[in-house]
Amino acid sequence: MDFSKLKKQVILKGGKILDPIENTIKKSDLVLEDGKIKALGKFNSNKSAHLIDCKGLIITHGFCDLHAHFREPGREDKETLESGSMAALAGGFTRVCVMPNTNPPIDSPEVIRYIVDRSEECPIYIHPIGAITKGQEGNELTEMGTMLSEGAVAFSDDGLPVTNSAIMRNALEYGTMFDIPIINHAEDLCLKQDAVMHEGKVSTHLGLPSSPDLTESNMVHRDLSLTDLTGGRLHVPHVSSSKSLDHIRIAKRKNDKVTAEVTPHHLFFTDNDLQKFDTNLKVAPPIRTTSDQKALIKALKDGTLDCIATDHAPHTIEEKEGTFDLAPFGMIGLESCFGAVNKVLVKENNLDQLDLIQMLTTRPRKIMGFNDNLLDIGVNAELTIIDPNEEWIFSRADIQSKSYNSPFIGQNMYGRVKYTICKDHISVI
Ligand code: DOR
């Protein structure tokens, strides 16, 4: 990936502008000046401008990821805010919310301030999600109000569930004061035990320890009930099972404070793929069956699921080379996201391209309250330029992350991010 400062004037020539707010796709050139949107329309090149040929390409809002792990502070050998930013740019993401399961966890106003300050030096916009409980230990709420003042955008103990229902109730109730999302990693650890995959025919065949879909859906059901009780805002992360979707669908009929996301890997893979014994497919919650996968696709189409979030979770090769029981949960996902979801949703399941772009741009932004119109004249350019039809194979060379734990390596992709523009810089992918 080539990364450089934008020239004073840039003309994006001959592309289609996909506006996810107006719901339109129009042919138009776009001029940037000093890193800002200057004009839309038809423009001839001039000598001093940098001309980018966008024929056949779609220009749209920079993608926004609600769910990534950048491992800073504490595990900078896996990812830093800078290397995570480069992975984001390679995937078309200009704005990323980072989860607090770092070391130490992002559980105090001071660590929130640290992430906010450090992110100023990074080439994308990074927003910290604060921990719900101190030390992510599940016992005592963090100082949510002060953490919000320092720049937290939501709260989660992601990687771990909030098991104690009274604590979860208090978090949701406290959240109503600030109208911010509470994001609970829904997995009942008592039911999960030492499971490494979904419980079903494939786990029986492979002889690997497994846990049923209820491990997730029971806790999703509890969280939805507590949301009703408190009037809080609940965002359900990485939904993986059809049973959870049933609960979310019912809850959404009467409660507009519930939102939910799905990962590219839960859309792309099924538990059958674990037959290759690739530990990169060991994730929490686990990859489930073909029928869960179909239910997730349907739920995106009918609005039960709001958006796509990567759950980019870098781990070292040494850790992932261990056996299935020892390898940590997680896979990276920023660089492979668009090619994977565009293939599954647009090519294979006839989702409208506009809808998919909304799931990566305006919808996650709305959940977090980042509501800028990125195509307005005068705004800082935060744009992603894609070839919606390029067929390619994802390889190690496409990875900018410090870690390589991706089961997408070697997979056919459809649609590719070509350029990402953010903070007066351009990444050519
Ligand atoms: O697979 C996962 N890995 N799921 C999570 O929720 C946490 C993540 C991690 O931090 O590695």
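Atoms within a ligand are numbered from 1 in the order they appear, just like the ligands themselves. Only heavy atoms go into these numbers, but all of them, side chains included; no hydrogens, no water, no symmetry mates.
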>> Check this for me, if you would: do D117 and R113 make a salt bridge, where the nitrogen-to-carboxylate-oxygen distance has to be below 4.0 angstrom?
In response: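 Yes, D117 and R113 are salt-bridged.
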
> Does the side chain of D107 come under 3.5 Å of the side chain of T142 through a donor N or O and an acceptor N or O?
Replying inline: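 Side-chain D/A pair, D107 to T142: absent.
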
> Listed by chain and number, what are the side-chain hydrogen bond (donor to acceptor under 3.5 Å, both in side chains) partners of E321, not counting sequence neighbours?
Replying inline: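 Here no residue qualifies.
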
> Please, which pairs that meet salt bridge (charged side-chain N to carboxylate O under 4.0 Å, His left out) have at least one residue in residues 352-372, sequence neighbours excluded?
Replying inline: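 Every pair satisfying salt bridge (charged side-chain N to carboxylate O under 4.0 Å, His left out) with a residue in residues 352-372: R365-E382.
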
> If only atom types and distance count, is the side chain of Q136 paired as donor or acceptor with the main-chain N or O of L160 below 3.5 Å?
Replying inline: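 It does not hold such a pair.
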
>> Could you work out, with ring-ring contact (aromatic ring centres under 6.0 Å, His included) as the rule, every residue matching F329, not counting sequence neighbours?
In response: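 Residues passing ring-ring contact (aromatic ring centres under 6.0 Å, His included) with F329: none at all.
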
Pick out the protein N or O atoms lying less than 3.5 Å from any N or O of ligand 1, and list each pair with its distance.
from	atom 1	to	atom 2	distance (Å)
ligand 1	1 (O)	A284	N	2.9
ligand 1	1 (O)	G330	N	3.2
ligand 1	3 (N)	F329	O	3.1
ligand 1	4 (N)	A284	O	2.8
ligand 1	6 (O)	D158	OD2	3.3
ligand 1	6 (O)	H185	ND1	3.1
ligand 1	10 (O)	H69	ND1	3.4
ligand 1	10 (O)	R71	NH1	3.0
ligand 1	10 (O)	R71	NH2	3.4
ligand 1	10 (O)	N101	ND2	2.8
ligand 1	11 (O)	R71	NH2	2.8
ligand 1	11 (O)	H315	NE2	2.9
ligand 1	11 (O)	F329	O	3.1

